[in-house]
Amino acid sequence: MDCPILVWMLFMNREMSADVREYAKCHAVLRECVPHAPVRNSPSEPETMRQMVAFLLPLLMMRHRRVPRSRWRDQMTVVGKHWIEQIQHVPDDNPVAAAQRARSMIGYHTTYDHNLVGMAMTQGRREDVVNIGIGIKEISAPPGMSGNDFAISLYHRLTPLEQSFIAPEQGEEVVMRRLCVILALKQAYIKAIGQPVGFDWSRLEFNIPAKTATGDGRPLAGWEFRVWTSELGWPIPGNDGHITQSYQCAVAFFRRTRETKFIWQNDAKELESWVQFITLDQLINVADKLVE
């Protein structure tokens, strides 16, 4: 199934302006274009900014494709999976045009963690493109908690085999990296199949060394998993220092094949061919035009 995958990663390189004008502008666009979005109008809460950006990314993507708002509709399945239907006025008796329209649907999923908001998307038939999900996990333990303690606190989301991969004797750096790989993969798959928040993550098992994945003990045949690391950084005002953050990212997509495929994207140039990084400033600059 030839459905190309594209990912946008928006770096929250700063918070929205303290004078709330940026926040108010984005929230007004959200209320007009995505009225169902459950985002409170609360400029003092950074969490609402990230939620809002996640809902605005599809609008930004369609503007980038030069498709006016009047020419597309955001649709949703019964389990909450989104796809964009592009409105094309073609004769009903034109089979070529009808086939092209059927393959023009855009499935997408958005998520965020701390300062990184991501959207994975693909284009094709509706029944195919909705099966996509993205997972993002910052490679960092909460303040005041060691990496090993953080991993242990999440054992309930892992199988015994997965727990063996992040045993404390592996060292904290290895533990955190492996833990975030597993969690990002699970999050991507769970969202790709449209499962709710209460889904039991331990029903899934990712055996990274063997490059296998199972759900309830059965192979996840037909699924493609792409894994990469996003390194972000920005200067500290007033000195020469920098703040750096690392995020483990994964995309899950159902390709209807007989195998489970893992793609470990380590080459920067190859990554740039399907993952695009943007900043909050790029969204803010065109926010008021997203309604057009």
Side-chain angles (χ1 to χ4, degrees), residues 1-11 54-68 71-77 80-88 90 96-112 116-136 181 184-185 187-194 211 213 220-230 247-278 282-283 290:
M1 182 174 56
D2 185 22
C3 292
I5 294 175
L6 180 65
V7 173
W8 278 18
M9 308 296 282
L10 186 145
F11 170 35
F55 279 107
L56 293 180
L57 274 181
L59 298 173
L60 183 64
M61 180 265 294
M62 293 305 288
R63 175 176 171 76
H64 181 74
R65 290 175 176 240
R66 302 184 184 278
V67 182
R71 297 292 300 276
W72 62 274
R73 288 192 293 262
D74 194 310
Q75 309 278 24
M76 188 171 64
T77 69
K81 299 309 307 297
H82 285 266
W83 85 93
I84 290 172
E85 177 185 11
Q86 301 187 64
I87 302 172
Q88 301 176 6
V90 297
V96 175
Q100 290 177 341
R101 180 179 182 277
R103 292 193 297 268
S104 70
M105 308 301 171
I106 301 172
Y108 73 88
H109 173 243
T110 63
T111 192
Y112 64 90
L116 189 60
V117 185
M119 176 174 66
M121 66 201 95
T122 188
Q123 185 168 341
R125 299 179 304 171
R126 185 201 67 82
E127 58 267 30
D128 295 327
V129 300
V130 294
N131 301 310
I132 192 167
I134 183 171
I136 301 175
V181 167
L185 283 166
Q187 181 187 28
Y189 175 77
I190 290 170
K191 295 305 180 182
I193 62 176
K211 296 182 180 179
L220 300 182
W223 285 89
E224 177 180 294
F225 298 96
R226 300 190 182 188
V227 185
W228 74 100
T229 303
S230 296
Y247 294 82
Q248 195 62 60
C249 310
V251 165
F253 181 55
F254 188 54
R255 289 204 179 274
R256 303 183 186 277
T257 61
R258 295 183 178 181
E259 60 181 4
T260 304
K261 185 176 183 180
F262 284 87
I263 298 176
W264 301 88
Q265 198 71 83
N266 298 316
D267 184 271
K269 286 191 175 181
E270 289 183 5
L271 186 66
E272 289 173 1
S273 68
W274 61 280
V275 177
Q276 179 177 346
F277 289 88
I278 60 177
Q282 290 171 274
L283 172 63
L290 298 181

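Not measured: the values here are computed from a predicted model. As a basis for the values below, the full set of heavy atoms in this structure was taken, side chains included, without hydrogen atoms, waters or symmetry mates.
Atom CG of residue L283 and atom CG of residue L56 lie 5.5 Å apart, to the nearest 0.5 angstrom. In this structure, the separation between CD on Q282 and CZ on F277 is 12.5 Å, given to the nearest 0.5 Å. The CD atom of E270 sits 9.5 Å away from the CD1 atom of I263 when rounded to the nearest 0.5 Å. Note that CG of L271 is 5.5 Å distant from CD of Q265, once rounded to the nearest 0.5 Å. Rounding to the nearest 0.5 Å places CE of M119 at 7.5 Å from CG of L6.
Here the side chains of I84 and M61 are in contact, with some heavy-atom distance below 4.5 Å. No side-chain heavy atom of M9 sits under 4.5 Å from any side-chain heavy atom of Y247. The side-chain heavy atoms of I193 and F254, taken from C-beta on, include no pair separated by under 4.5 Å. Between M62 and I106, some side-chain heavy-atom pair lies under the 4.5 Å cut-off. You'll find the side chain of R256 reaches within 4.5 Å of the side chain of N131, heavy atoms only. M121 is not listed as a side-chain neighbour of V129, based on a closest heavy-atom distance of 4.5 Å or more.
Between E259 and K261 there is no salt bridge, since no side-chain nitrogen of the basic residue lies less than 4.0 Å from a carboxylate oxygen of the acidic one.
Side-chain atoms of T260 come within 3.5 Å of backbone N or O of L220 as a donor-acceptor pair. For Q276 (side chain) and V7 (main-chain N/O), no donor-acceptor pair under 3.5 Å exists by modelled atom type. Judged by distance alone, the side chain of K191 and the main-chain N or O of T111 form no donor-acceptor pair under 3.5 Å. Remark: side-chain polar atoms of K81 are not paired, donor with acceptor, to backbone N or O of G194 under 3.5 angstrom. For H82 (side chain) and Y108 (main-chain N/O), no donor-acceptor pair under 3.5 Å exists by modelled atom type.
Of all heavy-atom pairs spanning Q123 and R103, the tightest one is CG-O, 3.6 Å. Nearest heavy-atom pair, C249 versus L116, reported as atom, atom and distance to 0.1 Å: SG-CD2, 4.2 Å. R126 and M105 make their closest contact through N-CG, 3.9 Å (heavy atoms, listed as atom of the first residue, atom of the second, distance). Closest approach of L57 and I278 over heavy atoms only: CD2-CD1, 4.2 Å. Nearest heavy-atom pair across A192 and A252 is CB-O, 3.9 Å. Of all heavy-atom pairs between I5 and T122, the closest is N-OG1, 4.3 Å.
Qualifying side chain to side chain donor-acceptor pair (under 3.5 Å) partners for S230, counting only residues two or more places apart in sequence or in other chains: W228. With sequence neighbours left out, N266 forms a side-chain contact (heavy atoms from CB on, under 4.5 Å) with W264. For the salt bridge (Lys or Arg N to Asp or Glu O under 4.0 Å) test, residues two or more places apart in sequence or in another chain that qualify with R73 are E85.
In this pair, F225 and F262 present their aromatic rings parallel. The plane angle is below 30°, not in the 30 to 60° band.
W72 and Q86 form no side-chain donor-acceptor contact under 3.5 Å, judged by distance and modelled atom types alone.
Between F253 and W223, the distance from one ring center to the other does not fall under 6.0 angstrom.
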